[in-house]
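As the structure lists them, so they are numbered: ligands from 1, and atoms in each ligand from 1.
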Amino acid sequence: MRKPFICGNWKMYKTVAEAVAFVEAARGLVAGAEGVEIGIAAPATALKSLADAARGSNIRVGGENCHWEKEGAFTGEISPGMLLEAGCSFVVLGHSERRQYFGETSGVVNKKVKAALAAGLDVIMCCGETLAEREAGKTALVVEGHVADGLAGLAAGDLARVVVAYEPVWAIGTGRTATPAQAQEVHAGIRELLARLFGPAAAEALRIQYGGSVKPENVGEIMAQPDVDGALVGGASLKPDSFAKLVNYR
Ligand code: PGA
């Protein structure tokens, strides 16, 4: 059985003080959540304080991005090892905002995935089509490209530390969620692809999150789909009570 993983993605929101206040308010609200993994991906400046504040709770802390090198002359970048040292246990890679605004290709994402895993971080790797790509009938092609290229060169055993997040770009921050059936269709396609690439056992065990305007009101119907194993949530993860409702969706 795949353990559902509900993860907040704060994007460029929350100062150190706001992040700490969030965890102090949220940790009690989510403490009773059984059988659910809980995470928050936060801005780099807040990670250390957030991880300290979350210690002893069931909330995992992760980065929203990292570089693929261990160190070097890469002004403005952060290495996987630095995230680990700050208290992170995972990192989100290849988010559509990284692809769209910062020119990340699947080749770059692949280098980051390998570096993060090698450093000891778990990875949430994002994939998803734009509205134009969906309307052109290219959803499967685009999503499968993101997944196959992003995970290229990994061994089946590496997948135990990878989560794939399917986030249709047209559903992110728009209030327009994929229907549960649309999400399920793409998730099933991803799992079939993974089975071809890495074998059925690794594909069956890998968790696939859905992301894109997930809210307390719709999380239940999305999570009820057989191949949806979690959610990556932006806007609705920013308030402790809303985050707690997402986590306690059952
Ligand atoms: P949203 O963002 O929940 O605000 O749509 C999701 C994401 O980008 O991870």
Side-chain angles (χ1 to χ4, degrees), residues 4-14 18-19 22 26 30 36-44 46-47 50 59-66 83 88 90-104 106 109 112-113 116 122-131 133-134 139 142-143 146-147 150 162-180 182-183 186-187 190 207-223 225 228-249:
F5 185 10
I6 306 287
C7 188
N9 172 23
W10 282 353
K11 311 193 179 188
M12 201 169 74
Y13 291 99
K14 294 203 190 290
E18 287 166 349
F22 177 100
V30 302
V36 182
E37 204 167 304
I38 306 166
I40 295 171
L47 289 173
L50 188 61
I59 302 173
R60 301 177 67 184
V61 171
E64 299 178 7
N65 178 38
C66 67
L83 290 181
C88 293
F90 71 95
V91 60
V92 176
L93 294 172
H95 190 280
S96 64
E97 287 149 18
R98 300 293 318 166
R99 296 179 193 258
Q100 189 178 346
Y101 304 126
F102 304 99
E104 278 192 21
S106 288
V109 175
K112 293 183 174 193
V113 168
D122 295 346
V123 168
I124 297 178
M125 193 195 73
C126 306
C127 61
E129 82 288 0
T130 63
L131 186 58
E133 288 163 344
R134 174 163 282 265
T139 298
V142 169
V143 169
H146 285 168
V147 174
V162 174
V163 173
V164 171
Y166 168 57
E167 300 202 304
V169 178
W170 48 270
I172 295 177
T174 59
R176 203 177 145 187
T177 326
T179 64
Q182 281 173 325
V186 177
H187 283 225
I190 293 170
R207 291 175 296 181
I208 307 175
Q209 294 174 321
Y210 170 80
S213 297
V214 176
K215 300 181 272 294
E217 301 78 57
N218 62 21
V219 65
E221 60 180 17
I222 294 272
M223 290 300 295
Q225 300 302 308
V228 176
D229 312 309
L232 186 57
V233 188
S237 74
L238 292 168
K239 295 226 167 73
D241 58 337
S242 170
F243 182 69
K245 282 184 190 149
L246 292 165
V247 165
N248 295 308
Y249 68 93

Looking only at heavy atoms, which two atoms of [X] and [Y] are closest? And how far apart?
| X | Y | answer |
| --- | --- | --- |
| Val30 | Ala244 | CG1-CA, 3.9 Å |
| Cys7 | Ile40 | SG-N, 4.1 Å |
| Gly94 | Val109 | CA-CG2, 3.6 Å |

So which heavy atom in the protein is nearest [atom], and how far is it from that ligand atom?
| atom | result |
| --- | --- |
| atom 6 (C) of ligand 1 | Gly234 N, 3.5 Å |
| atom 4 (O) of ligand 1 | Gly235 N, 2.9 Å |
| atom 9 (O) of ligand 1 | Glu167 OE2, 2.6 Å |

Measure Asn9 to ligand 1 on non-hydrogen atoms and call it side chain, backbone, both or neither using the 4.0 Å cut-off.
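For Asn9, the contact with ligand 1 is made by the side chain alone.
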Just let me know how Ala171 lines up against ligand 1, side chain, backbone, both or neither, with a heavy-atom cut-off below 4.0 Å.
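Within the 4.0 Å criterion, Ala171 contacts ligand 1 through backbone atoms alone.
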Single hit among His146, Glu129, Gln209 for side-chain hydrogen bond (donor to acceptor under 3.5 Å, both in side chains) with Tyr166:
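When side-chain hydrogen bond (donor to acceptor under 3.5 Å, both in side chains) is applied between Tyr166 and each of His146, Glu129, Gln209, only Glu129 qualifies.
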Ile38 and Ile6: side chain to side chain contact (heavy atoms under 4.5 Å, CB included), yes or no, with the steps?
CA-CA 5 Å; Ile38 306 166; Ile6 306 287; 5.6 Å; no
Short side-chain donor-acceptor distance under 3.5 Å, His95 and Glu167:
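Yes, a side-chain donor-acceptor pair sits under 3.5 Å.
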Trp10 and Leu238, any side-chain heavy atoms less than 4.5 Å apart:
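Yes, at least one pair of side-chain atoms sits under 4.5 Å.
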Any atom of ligand 1 sitting under 4.0 Å from a heavy atom of [X]?
| X | result |
| --- | --- |
| Lys215 | no |
| Gly173 | yes |
| Ser213 | yes |

Can you list the atoms of ligand 1 that are under 4.0 Å from a heavy atom of Gly212?
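Those of ligand 1 that fall under 4.0 Å from Gly212 are 5 (O).
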Could you tell me which atoms of ligand 1, counted from 1 in the order shown, lie closer than 4.0 angstrom to a heavy atom of Lys11?
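So the atoms of ligand 1 that pass are 2 (O), 7 (C), 8 (O).
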Any salt bridge (Lys or Arg N to Asp or Glu O under 4.0 Å) involving residues 93-104? Give me the pairs, sequence neighbours left out, ordered by first then second residue.
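Counting only pairs at least two positions apart or across chains, the salt bridge (Lys or Arg N to Asp or Glu O under 4.0 Å) contacts touching residues 93-104 are Lys11-Glu97, Arg98-Glu104, Glu104-Lys112.
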Among Glu64, Glu97, His95, Gln209, whose heavy atom sits nearest atom 8 (O) of ligand 1?
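Of the listed residues, His95 has the closest heavy atom.
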